[in-house]
Amino acid sequence: MDQSFYDMVFDLVRLIPKGRVTSYGAIARSIGAGGSARMVGYAMNHAHLAHPAIPAHRVVNSTGLLTGKFHFATPDLMQELLEQEGVLVKDDKVQNFKQHFWDPMDEL
DNA sequence: ATTGTGACCTCTC
DNA sequence: CGAGAGGCCACAA
């Protein structure tokens with residue numbers, strides 16, 4: 001695959017169904033990054049530059065905490081988007097995270 | 001080529 | 001249960 005790490009991450013994130021969330025580590029392992037979950041977040045750093053728009057708000061850490069909410073246009077935007085899709089967010093944390101969790105391997 | 005940094009994860013105390 | 005440290009890979013300067 002000539003696709004770079006970014007493209008793989010972006011592609012996978014774009015495949016995340018609405019109302020579902022996933023963790024950086026899950027994505028990293030799905031693409032074969034192993035324990036390089038940090039790279040996933042790094043890619044998300046350029047997510048706002050990628051096209052089409054990437055639902056980065058559906059990507060949270062293992063604890064379901066909205067770590068990168070500050071990287072969005074507005075910190076509240078991430079929570080708003082999640083709630084908009086039916087994901088309840090409280091204290092910057094995804095409620096029923098396990099329930100809303102979407103395993104990339106499930107699609108692959 | 002080397003150094004530094006990063007929207008993290010996991011283990012151990 | 002809470003805090004700390006290490007590790008991991010990729011990209012930018």
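The model shown is predicted, which means the values in this text are computed figures rather than measured ones. The analysis underlying the following values was restricted to heavy atoms, covering all of them including side chains, and did not include hydrogens, waters or symmetry mates. Below, chains carry the letters A, B, ... as their sequence lines are ordered, and counting in each starts from 1.
Between A:E85 and A:R58 there is a salt bridge, with a side-chain nitrogen of the basic residue lying less than 4.0 Å from a carboxylate oxygen of the acidic one.
Judged as a ring-ring contact (aromatic ring centres under 6.0 Å, His included), and not counting sequence neighbours, the contacts of A:Y6 are A:F10, A:H46. A search for side-chain contact (heavy atoms from CB on, under 4.5 Å) contacts involving A:Q99 returns A:N96, not counting sequence neighbours. Listed by chain and residue number, nothing satisfies the ring-ring contact (aromatic ring centres under 6.0 Å, His included) test with A:H48 (two or more places apart in sequence, or in another chain). Residues forming a side-chain contact (heavy atoms from CB on, under 4.5 Å) with A:Q95 (at least two apart in sequence, or on another chain): A:L88, A:K90, A:K93. For the ring-ring contact (aromatic ring centres under 6.0 Å, His included) test, no residue two or more places apart in sequence or in another chain qualifies with A:Y42.
The interatomic distance linking A:I27 (CD1) with C:dC8 (C1') rounds to 16 Å, in whole Å. The distance between atom CZ of A:F70 and atom C1' of B:dA7, rounded to the nearest whole Å, is 12 Å. Atoms CG (A:N45) and P (C:dA10) sit 17 Å apart, rounded to a whole Å. Taking atom CE of A:M44 as the reference point, atom C1' of B:dT5 lies 18 Å away to the nearest angstrom. For the pair A:R58 CZ and B:dA7 P, the computed distance is 22 Å after rounding to whole Å. Computed from coordinates, the A:D7 CG to C:dC11 P distance equals 10 Å when rounded to whole Å. Spacing between atom CG of A:L65 and atom C1' of C:dG2 amounts to 16 Å, rounded to whole angstrom units.
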All N/O donor-acceptor pairs, side-chain side in residues 65-72 of chain A, below 3.5 Å, sequence neighbours left out:
from	atom 1	to	atom 2	distance (Å)
A:K69	NZ	A:D92	OD1	3.1
A:K69	NZ	A:D92	OD2	2.6

Side-chain donor-acceptor pairs of residues 22-41 of chain A under 3.5 Å, sequence neighbours excluded:
from	atom 1	to	atom 2	distance (Å)
A:T22	OG1	A:W102	O	3.2
A:S23	OG	A:A26	N	3.3
A:Y24	OH	A:V59	O	3.4
A:S30	OG	A:A26	O	2.5
A:S36	OG	A:A33	O	3.1

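Toward the 5' end of DNA chain B, the nearer of the two residues A:Y24 and A:R29, judged by each one's closest nucleotide, is A:Y24. Annotation: of the two residues near DNA chain C, A:H46 and A:A37, the 5′-most nearest-nucleotide partner is A:A37.
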Atom pairs under 3.5 Å: protein N/O with N/O of nucleotides 3-7 of chain C:
from	atom 1	to	atom 2	distance (Å)
C:dG7	O6	A:R38	NH1	3.1

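Dashed line: the shortest gap from a side-chain N or O of A:S62 to OP1 or OP2 of B:dC9 is under 4.0 Å. Side-chain nitrogen and oxygen atoms of A:S23 include none within less than 4.0 Å of the OP1 or OP2 phosphate oxygen of B:dC8.
Residue contacts for A:N61: at a heavy-atom cut-off of 4.0 Å it reaches the sugar-phosphate backbone alone, with no base atom in range. Residue A:A56 is in base contact, counting any heavy-atom pair closer than 4.0 Å across all strands shown.
Here the closest non-hydrogen pair linking A:M44 and A:A56 is SD-CB, 4.1 Å.
The side chain of A:Y6 approaches C:dC11 more closely than any other nucleotide in the set B:dC9, C:dC11, B:dA7.
The stretch residues 76-84 of chain A has no heavy atom under 4.0 angstrom from DNA chain B at all.
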